[in-house]
Amino acid sequence: MSTALLDRGADLDPPDRIIVRHTVRVGPLVYSFYLVAPKALGRRAVSEALRDAVAELRAINAAVNPARRASLLSESGPVTGWAIERAAARLRSAGVTDYAVTGGTHLAVHGRAPHGGAWL
């Protein structure tokens, strides 16, 4: 759906971080990613981590039985929370330690928000 590399200037963001916001529709849900990565990781690696996380969501969506999809992968479905955790695991394995991943009523957060404090 959309991706934004948030370069808001040195006055708001330290120069040692890459901040990305990405929204994607996978099946019946819209997922949002908010990533804060060390600049040393590089934009390409952050992009690849995001691609892998979205691929994980797509694979889980494809594996859900179409006859039961509405009950398993929905805003409050049990598979949705697990899918978000799997996507978050992809981010962590790529070196992204600060993120929020949301989908429906589910949320996974780790580390610090772009402003340096807790995710709100």
Side-chain angles (χ1 to χ4, degrees):
M1 291 176 82
S2 68
T3 301
L5 180 62
L6 304 179
D7 288 326
R8 294 180 293 182
D11 56 328
L12 296 176
D13 297 324
D16 61 340
R17 295 186 299 169
I18 299 169
I19 300 173
V20 177
R21 181 183 66 219
H22 180 70
T23 305
V24 62
R25 177 174 291 282
V26 177
L29 290 175
V30 173
Y31 295 91
S32 295
F33 293 82
Y34 302 92
L35 312 179
V36 182
K39 193 158 264 184
L41 191 58
R43 290 180 186 211
R44 181 177 302 224
V46 172
S47 179
E48 289 172 0
L50 185 58
R51 182 199 66 215
D52 289 348
V54 170
E56 186 77 16
L57 293 173
R58 290 188 194 287
I60 291 168
N61 181 63
V64 172
N65 181 343
R68 298 181 61 204
R69 182 167 295 184
S71 65
L72 293 176
L73 192 61
S74 65
E75 284 194 15
S76 60
V79 174
T80 306
W82 177 71
I84 287 174
E85 287 298 326
R86 295 296 312 139
R90 291 285 184 124
L91 296 174
R92 284 191 307 275
S93 70
V96 177
T97 58
D98 301 309
Y99 58 82
V101 181
T102 66
T105 60
H106 298 275
L107 169 71
V109 297
H110 191 268
R112 296 189 179 272
H115 58 72
W119 293 97
L120 300 174

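Here the shortest heavy-atom pairing between V30 and T23 reads CG1-CG2, 3.4 Å. T102 and I84 get closest at one heavy-atom pair: C-CD1, 3.9 Å. Closest approach of A53 to L91, counting heavy atoms only: CB-CD2, 4.0 Å. Counting all heavy atoms, side chain and backbone alike, A108 lies closest to E85 at CB-OE2, 3.5 Å. Minimum interatomic distance between A83 and Y31 (heavy atoms only, all atoms of both residues): CB-OH, 4.5 Å. Closest non-hydrogen pair, V96 versus A37, comes out as CG2-CB, 4.4 Å.
Between L41 and I18 the shortest side-chain heavy-atom distance does not fall below 4.5 Å. Side-chain contact between I60 and R86 is present, with heavy atoms from C-beta onward closer than 4.5 Å. Side-chain contact between R58 and V54 is present, with at least one heavy-atom pair separated by less than 4.5 Å. Contact check for L107 versus V101: no side-chain heavy atoms found under the 4.5 Å cut-off. For the pair F33/V24, a side-chain contact is recorded, criterion being any heavy-atom separation below 4.5 Å from C-beta on. Side-chain contact between D98 and L35 is absent, with no heavy-atom pair separated by less than 4.5 Å.
Residues Y99 and R92 bring a donor and an acceptor atom of their side chains to less than 3.5 Å of each other.
A donor-acceptor distance shorter than 3.5 angstrom exists from the side chain of H110 to the backbone of T97, with no hydrogens or angles considered. For D16 (side chain) and K39 (main-chain N/O), no donor-acceptor pair under 3.5 Å exists by modelled atom type. Listed for the W119 side chain is no donor-acceptor partner under 3.5 Å among the backbone atoms of A100. A donor-acceptor pair is defined here as one N or O able to donate and one able to accept, closer than 3.5 Å; such a pair exists between the side chain of R17 and the backbone of P114.
L57 contributes atom CG, which lies 10.0 Å from atom CZ of R90 (distance to the nearest 0.5 angstrom).
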